Amino acid sequence: MEDLNQVLRVRREKLAALSERGIEPFAYNFTRTATSAEVRGSFEDAERAGRLEEGGYGGRAALGGRIVAWRSHGKSAFANLEDAAGRIQLYFRKDVLGEAGFGDLDLLDLGDWLGVEGTAFRTRMGEVTVRVDSWTLLAKSLRPLPFGKVEVAPDTGEHIVHSGFADTEARYRQRYADLAVHPEVRNVFRTRARVISELRRFLDDEGFLEVETPALQPLYGGASARPFLTRHNALDRTMYLRIADELYLKRLIVGGLDRVYEISKDFRNEGIDRFHNPEFTMLEWYQAFSDYEDQMELVERLVVQVVERVHGSRAFRFGEHEIRVDPPFGRLRLVDALSAALAQDVLSLTDRELRERAQAMSLPDLDGAGRGKLIDKLFGALVEPELVQPTFVIDHPKELSPLAKPKRGEPRLTERFELYMAGTEVFNAFSELNDPVDQRERFEAQAELRAAGDEEAQAIDEDYIRALEYGMPPTGGVGMGVDRFVMLLANQASIRDVILFPILRTDE
RNA sequence: GACCCGGUAGCUCAGCUGGUAGAGCAACGGACUUUUAAUCCGUAGGUCGUGGGUUCGAGACCCACCCGGGUCACCA
C-alpha cells in the first residue's frame, strides 16, 4: 500500500470517504429500465410526436454504465455514461440533487460504474442528455482506465481520439482495459461471435451434424505441424494437443455420420506473427458422397450467406480493398496461373529449372526445397497477391497435396482447391483420399521424412487406416481458419486483434 | 529462428554531438448552473525495460538479457 502511486492512493482515499459518508462503493445490483440508445430513441420519438413535457423533458429512465468523461462546472456537471448500447450525456445540477447528493459527486472518477435516474432533454448544443435526479454508485474504480478524449469532428462526425490507449502490448496483456476504453474493439468481438454463429447456422441448415472430437490425443495428425506435448499422469503417457480435426472427423464418416462439422481450437507449436497464434480456431466439415466440385459450390454459398448476414450486403472493405462476394467466384488452375506468370509450362519444367526461376527472383530459403515447395513459393510470390476478389485456386500438383485424391484424367494433379480472398488463403479442401492402401503408402512416406529429421512429418496412424479399411465413402472435406475469416470480415490486419487473449510471452 | 524499429509520469509523447528529467491529458486544490478534446489559475506526480560497462558525469554511448511491433521463413 505504501508504494501506491499518487493516482491510486487518491482513489483509495475516496473509497474510504465514501464509506464514511455511508455510500456503498460496490453495489449488489441495479434495476435499469433502458439502455443509452433506448433513452435517446424514445426521447427523439416523443420530440417528433410533440409529446415532450414542459421544458422539453421526455420520460424518466434508469440506466447503468461506466463514466467515461466528466466536465464539471461548479454548481453543475456533465458526464458521459457508456453502456453496451453506446454513450449518453448526463447532466447533474446542485439544485436538483441537493447539497449532499451533488457534493458526493466529488468522490466519483472516470471508470466508475454508475446507476442514474432522470429525465431526458436536449441541451442548447443539441445533445440528448439525461438530467439526473438520483444516482447510485455501482462499483468504484480504484485504478484509472486509460481513456482518451473523444472529439467529434463537426463536419464529418468522425470520432477523433486524443491521447488514447495505443500501446499494443498493454492492450493485449490487459484486454479488459482495451475493451473498456475502445468500443470499436468490443464490436470486433461482436462481429466474431456473429460470424461463428452464422457458420453454424449455415451448416446446421445444410444437414450437418456438429460433433466434438478429442483435443487431447494419443497421436496427432491431419496436418503438417509440430504439436504441443503434455502428460497424462494416471495413464503415465505423453499426450498431444490436436493440430487438426481431420482424421477423427473422417472416422465419423466411416461410421455413417455422413455430414459432420466441428469448430474447435487447434494447437500448433510454431512461430507467432500477425497471421498465427499457437492456439487458433478451425472449422472443418466432411460430406459423404461429394467431391471437391460439390464443395466449391457449398463454400460459395456459405461465404455469400455469411457475408450478407454479417454485413447486410455482398461487399465489404478490407484495408484498401473492396471485396465483393458475387458468385460464381473466379476459378484458376494453379498450374495454368503459374505457367502464365512464368511464361512457361510449369509441368514441363524440371526441378532444376524451377529452382533457377526462384533464385532469379531471389526468393529466400530455397535450400533443400523440393519440387512442391518450389512451385508453392513461386505461386506465393507471383500469383497470390493478385487474388483480391474471391478466387478458387484448383488442381494443385500432387507434390503439394499428399492428402488429396488424384485428379481424374490428370494423375500429376490432385482434386484440391483453396479459396483466396484479399491475397490470403481462407479455405482449403480436397476430394478426400479414401483408399486405405494408398493412405498407408503416404503415411510410410511421411514416416521416412520423419526419420530423416522432419519434425512436421506425420506419424503412421494405424487406427485411422483400420477405419479406412472398413470403408469410407467418397467424401469432400473442407477446412477454414476461422480467425482469418474473422480478420477479413472485421477488417483487422492482425490475428491478435480477433483473438481476445492472444499468446504473449510472460511478463513478470 | 534471422533482421529492422521501439520500451521515459496513470495515458500519449518530447528529451540535440553525454552535463543530475519535460509537455499535454488524467489526478489534486480553487473559480464557473446547458458543457462536450469545456475553460482559466495553482499543486503534485518518474527504479528513464533489466543487469553490467565506458566516463568526472549516462535517459542518451558499448555489451548482454527481457518484453512488444514489423519483415522474412513454416503453417491456417
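A note on names: the letters A, B, ... follow the listed sequences, proteins ahead of strands, and every chain is numbered from 1. These values consider heavy atoms only, across backbone and side chains, with no hydrogens, waters or symmetry-generated copies. Fair warning: this is a prediction, and the values are worked out from it, not measured in the lab.
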Nucleotide nearest A:Thr129 when distance is taken to its side chain, options B:rU35, B:rC25, B:rC11: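 Per side-chain heavy atoms of A:Thr129, the pick is B:rU35.
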Closest to side chain of A:Gln6, choosing from B:rC67, B:rA27, B:rC32: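 Closest of the options to the side chain of A:Gln6: B:rA27.
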Please work out if [X] contacts a base, only the sugar-phosphate, or nothing of the nucleic acid, heavy-atom cut-off 4.0 Å.
| X | result |
| --- | --- |
| A:Thr424 | nothing |
| A:Phe121 | base |
| A:Gln89 | base |
| A:Asn428 | nothing |
| A:Ile160 | nothing |

It should be established whether [X] places a side-chain nitrogen or oxygen under 4.0 Å from OP1 or OP2 of nucleotide [N].
| X | N | result |
| --- | --- | --- |
| A:Arg173 | B:rC67 | no |
| A:Arg71 | B:rA38 | yes |
| A:Arg496 | B:rG69 | yes |

Determine whether any donor atom in the side chain of [X] lies under 3.5 Å from an acceptor atom in the base of [N], or the reverse, and answer yes or no.
| X | N | answer |
| --- | --- | --- |
| A:Thr123 | B:rU35 | yes |
| A:Arg124 | B:rU34 | no |
| A:Asn5 | B:rA44 | no |
| A:Glu127 | B:rU34 | no |

What is the base-pairing partner of [N], counting Watson-Crick and G-U wobble geometry with both distances under 3.5 Å?
| N | value |
| --- | --- |
| B:rG6 | B:rC67 |
| B:rC72 | B:rG1 |
| B:rU39 | B:rA31 |
| B:rC61 | B:rG53 |

Side-chain donor-acceptor pair present, A:Glu284, A:Tyr286, cut-off under 3.5 Å: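 A:Tyr286 and A:Glu284 do have a side-chain donor-acceptor pair below 3.5 Å.
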